[in-house]
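Data block below; observations after.
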2 protein chains.
Amino acid sequence: MPRDGTTTRTRILDVAERLVIDNGFAATSVDEIIEASGTSKGSFFHHFSSKRDLAGELVQRYADADVAVLRRALAEVETVADPVERVLAFVGFFVDQADQLMTEQSNCLYVAALTERQLVSDGATGPVGRAVEAWRADFASLLDAALAARGRTGEVDSGALADHLFVTFEGAFLLCRSTGDPSHMRAQLTSFRALLAALLRE
Amino acid sequence: MPRDGTTTRTRILDVAERLVIDNGFAATSVDEIIEASGTSKGSFFHHFSSKRDLAGELVQRYADADVAVLRRALAEVETVADPVERVLAFVGFFVDQADQLMTEQSNCLYVAALTERQLVSDGATGPVGRAVEAWRADFASLLDAALAARGRTGEVDSGALADHLFVTFEGAFLLCRSTGDPSHMRAQLTSFRALLAALLRE
DNA sequence: CTTGTATCAGACTGAACGGTCTGCTACAAC
DNA sequence: GTTGTAGCAGACCGTTCAGTCTGATACAAG
């Protein structure tokens with residue numbers, strides 16, 4: 001049975017995730033992943049049928065972790081009574097974690113997955129799309145509750161506004177890369193919260 | 001002298017831009033570019049010393065065009081008297097062009113340039129960074145004027161708020177890709193304008 | 001102890017890639 | 001007309017890559 005099976009497998013996934021996030025998918029060779037994870041060709045292709053297969057699992061795992069963060073944030077703000085403040089606390093949750101996030105990863109795997117579409121397994125944008133929809137659905141209902149509490153239901157497109165959190169994350173990743181300054185992540189999330197505060201409190 | 005020189009060169013650049021935007025830089029082979037532009041290896045390497053060289057010129061040209069759009073937008077809203085309305089008209093300029101933009105390109109070249117860093121010529125993120133700074137500088141001064149007109153100078157980080165337009169563009173490109181729906185570009189720019197309106201008019 | 005199987009190692013292969021080289025073609029200068 | 005050169009064509013080359021294959025190793029079951 002497993003000598004070191006699951007460990008090797010996850011080590012490959014971890015190393016590959018880091019490399020793909022840093023350099024892109026096509027620019028990351030299997031040999032590179034093997035060397036960085038201290039394993040071999042035989043081991044790699046024992047665990048993954050192809051490079052595309054690895055990419056698919058990578059995206060799936062990343063999207064799952066992403067949705068898990070969403071759930072954690074929702075649980076965190078559940079206790080905030082006022083719906084408007086709950087929305088702001090929800091975004092604030094990510095503001096607080098922004099700096100740590102940027103020390104852990106220099107970019108989002110989604111960016112590579114969406115840019116190098118044909119390189120990841122065919123339906124690999126599927127998990128991304130589903131994650132986006134999960135964020136939209138949950139955040140939009142927070143926003144709807146806040147708008148309803150102020151008697152302003154229907155005044156704004158809560159779906160688009162909810163998507164704007166994803167947009168802020170992805171855009172901020174690219175902004176950080178273009179300037180080399182990871183502090184932009186926190187700054188952009190803070191701006192978004194300030195904008196939301198103005199909209200919901202006006 | 002030139003038989004068809006400048007035409008062939010720009011045709012290669014045009015075709016390469018489209019392919020790189022669609023599929024990424026590493027996934028676009030020189031052979032592919034040659035075939036799609038109806039030219040040959042000899043011609044390609046006569047005009048560009050390497051694939052990286054092409055990438056560098058591609059990014060430079062794209063960034064120049066990007067800054068040109070900024071200048072056009074600024075000129076367009078110059079006549080708007082009220083500083084707050086001028087800011088909203090500035091963003092509105094892009095809202096109006098969003099749908100057309102998405103028919104012309106399915107993504108932003110910046111995304112590929114920033115993701116596949118090592119593949120484009122060494123300083124290729126330079127032009128991107130300079131373009132970002134140009135947008136920030138010009139848009140931030142519009143924002144500062146609007147804040148000053150309402151006697152609220154210093155209340156918000158106008159630099160970060162200005163960067164948020166870039167963030168919205170790039171994030172919306174990825175959102176469109178993840179859902180396959182190009183209408184998100186317009187929706188996100190519209191949301192950003194609505195948020196700015198709430199902030200500046202409150 | 002033997003057998004079966006999951007795991008891993010690494011030499012090898014065929015294809016694709018970026019880039020080179022030789023030479024052709026059209027035009028300009030004289 | 002001759003010569004020089006920018007522009008272009010495409011065969012060719014060395015390397016790198018994803019993926020295969022043969023076999024070793026360790027452990028579980030009987």
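Chain letters run A, B, ... following the sequence lines, proteins first, then strands; residues in each count from 1.
- Rounded to whole Å, atom P of C/dG19 lies 10 Å from atom CG of B/L54.
- Although no hydrogens or angles enter the test, the distance criterion places a donor-acceptor pair under 3.5 Å between the side chain of B/Q188 and the main chain of A/A160.
- At the phosphate of D/dC8, OP1 or OP2 sits under 4.0 Å from a side-chain N or O atom of B/T8.
- Of the possible polar contacts, one joining the A/R9 side chain to the A/H47 backbone as a donor-acceptor pair under 3.5 Å is found.
- Checking A/S183 against A/D181 by side-chain atom types alone, a donor-acceptor pair falls below 3.5 Å.
- Taking the six-membered ring for Trp and thresholds of 30 and 60 degrees, B/F192 and B/H164 have ring planes inclined between 30 and 60 degrees apart.
- For the helix from C/dC1-D/dG30 to C/dC30-D/dG1, the angle separating the two terminal helix axes comes to 10°, with each axis derived from five pairs and the value rounded to 10°.
- One atom, NZ of B/K51, and another, P of C/dC17, lie 9 Å apart when rounded to the nearest Å.
- Remark: B/H46 is not in phosphate contact with D/dA9, judged by side-chain N or O atoms under 4.0 Å from OP1 or OP2.
- Spacing between atom CZ of B/F48 and atom C1' of D/dC8 amounts to 14 Å, rounded to whole angstrom units.
- If you check the side chains of A/D157 and B/S191, you find no donor sitting under 3.5 Å from an acceptor.
- In this entry the distance linking CZ of B/F44 with C1' of C/dC17 reads 12 Å, nearest Å.
- Contact between the side-chain N/O atoms of A/H47 and the OP1/OP2 oxygens of C/dA6 is not found at any separation under 4.0 Å.
- For DNA chain D, the residues of residues 14-41 of chain B within the heavy-atom distance limit of 4.0 Å (strictly under) are B/T39, B/S40, B/K41, sorted by number.
- Looking at A/R86 and A/E78, no side-chain N of the basic residue comes within less than 4.0 Å of a carboxylate O on the acidic one, giving no salt bridge.
- Checking B/R11 against B/T39 by side-chain atom types alone, no donor-acceptor pair falls below 3.5 Å.
- A/W135 has its ring centre no less than 6.0 Å from the ring centre of A/Y110.
- Atom CD1 in A/I12 sits about 11 Å away from atom P in C/dT7, given to the nearest Å.
- When ring centroids are compared, A/F169 and A/F94 come within the 6.0 Å threshold.
- In this structure, A/F45 places its CZ atom 13 Å from C1' of C/dT13, rounding to the nearest Å.
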